[in-house]
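Inspection log for the structure reproduced underneath, given as structure tokens.
When a ligand or atom number is given, it counts from 1 through the structure's own listing order. All figures in this text were calculated on a predicted structure; none of them were measured in a lab.
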Amino acid sequence: MAINIITFGTFDVFHLGHLRILQRAKKLGDYLFVGISTDALNFSKKGCKPVYSQEERMEIVASIRYVDGVFLEESLEQKASYLKQYKADILVMGDDWRGKFDHFQKICKVIYLPRTPSISTTEVIEKIRR
Ligand code: C2G
């Protein structure tokens, strides 16, 4: 039986940290599905609009060779239904989310992978600004 992996994120100003979590997530199974935070969800979480629109972020992530499908994550509360819809066997998140998704362990396995050090969208934006 194929193993389905699912992960979520904004993936704004796509960088190596994003690429590496997708690569490592894909290695854990056969199919990788990625929920991309909508612009509205991002605004509600972080109080600002992403640099790239949800359509642009979806198109970029969908083109990554480790990714088999993308969809929009409209709200954090719908996570359980996304996990069921995509028949997820494993939910992968970066360890900045450690512990936050443990309650989904009744639906699927939950794995937190270490973040790639020293890179973030915020830092890239800061570097360009300077
Ligand atoms: N990431 C990483 N290394 C970095 C930066 C990010 O491994 N240096 C991972 C994060 O841990 C996350 C994924 O890349 O798993 C996407 O990162 P973000 O776009 O920052 O995602 P976020 O806004 O935290 O959205 O429902 C959960 C949210 O949608 C997660």
Side-chain angles (χ1 to χ4, degrees):
M1 268 274 275
I3 297 175
N4 293 330
I5 313 292
I6 198 165
T7 191
F8 297 86
T10 311
F11 299 98
D12 192 24
V13 188
F14 196 89
H15 59 62
L16 211 58
H18 295 145
L19 185 66
R20 289 190 179 152
I21 198 155
L22 296 174
Q23 182 184 40
R24 287 177 294 157
K26 171 73 171 200
K27 279 197 185 136
L28 298 173
D30 301 295
Y31 296 100
L32 173 62
F33 300 102
V34 185
I36 310 285
S37 304
T38 59
D39 294 339
L41 174 56
N42 198 262
F43 192 85
S44 73
K45 276 194 308 191
K46 300 181 183 169
C48 60
K49 254 179 67 181
V51 176
Y52 295 149
S53 71
Q54 59 194 45
E55 288 77 21
E56 291 167 330
R57 292 181 285 111
M58 280 238 283
E59 195 174 329
I60 291 166
V61 175
S63 75
I64 301 298
R65 74 157 82 116
Y66 315 115
V67 174
D68 298 287
V70 291
F71 61 94
L72 284 174
E73 180 182 28
E74 307 264 356
S75 87
L76 298 178
E77 288 70 47
Q78 287 181 53
K79 249 196 195 68
S81 66
Y82 297 127
L83 296 178
K84 288 174 193 153
Q85 192 181 337
Y86 288 90
K87 299 186 170 42
D89 297 295
I90 308 176
L91 165 62
V92 171
M93 292 302 299
D95 62 2
D96 44 328
W97 291 92
R98 185 170 295 285
K100 300 260 166 55
F101 297 114
D102 287 356
H103 52 288
F104 294 122
Q105 267 157 2
K106 43 187 185 302
I107 303 177
C108 64
K109 207 165 157 179
V110 180
I111 296 181
Y112 303 97
L113 294 177
R115 274 170 73 93
T116 300
S118 320
I119 184 150
S120 71
T121 299
T122 316
E123 267 177 54
V124 173
I125 294 170
E126 271 305 304
K127 220 182 231 177
I128 296 168
R129 272 220 177 106
R130 283 200 300 267

Checking a contact table here: which protein heavy atom is nearest atom 8 (N) of ligand 1, and how many Å away?
Ile119 O, 2.6 Å
Which heavy atom of the protein is the closest neighbour of atom 3 (N) of ligand 1, given with residue, atom name and distance?
Thr116 N, 3.1 Å
Numbering the atoms of ligand 1 from 1, which are under 4.0 Å from a heavy atom of His15?
5 (C)
Which of the numbered atoms in ligand 1 are below 4.0 angstrom from a heavy atom of His18?
14 (O), 16 (C), 17 (O), 19 (O)
Of the listed options ([options]), which comes nearest to [atom] when hydrogens are ignored and any heavy atom counts?
{"atom": "atom 28 (C) of ligand 1", "options": "Lys79, Lys100, Lys45, Lys46", "answer": "Lys45"}
{"atom": "atom 19 (O) of ligand 1", "options": "Trp97, Phe11, Phe101", "answer": "Phe11"}
{"atom": "atom 1 (N) of ligand 1", "options": "Glu123, Arg115, Met93, Gln78", "answer": "Arg115"}

Which one holds for [X] and ligand 1: side chain close, backbone close, both close, or neither close, with close meaning a heavy atom under 4.0 Å?
{"X": "Asp96", "result": "side chain"}
{"X": "Ile21", "result": "side chain"}
{"X": "Leu76", "result": "side chain"}

Please determine whether any non-hydrogen atom of Arg20 lies less than 4.0 Å from an atom of ligand 1.
no
Is Ser120 close enough to touch ligand 1? Criterion: a residue heavy atom under 4.0 Å from a ligand atom.
no
Is there a polar contact, in the sense of an N or O pair closer than 3.5 Å, between Asp12 and ligand 1?
no
Does a donor on one side chain sit under 3.5 Å from an acceptor on the other, for Asp102 and Tyr112?
yes
Do the side-chain N and O atoms of Asp12 and Thr121 include a donor-acceptor pair separated by under 3.5 angstrom?
no
Thr7 side chain vs Val92 backbone, donor-acceptor pair below 3.5 Å
yes
Is Lys79 close enough and on-axis enough to Phe8, meaning under 6.0 Å and within 45°, for cation-pi?
yes
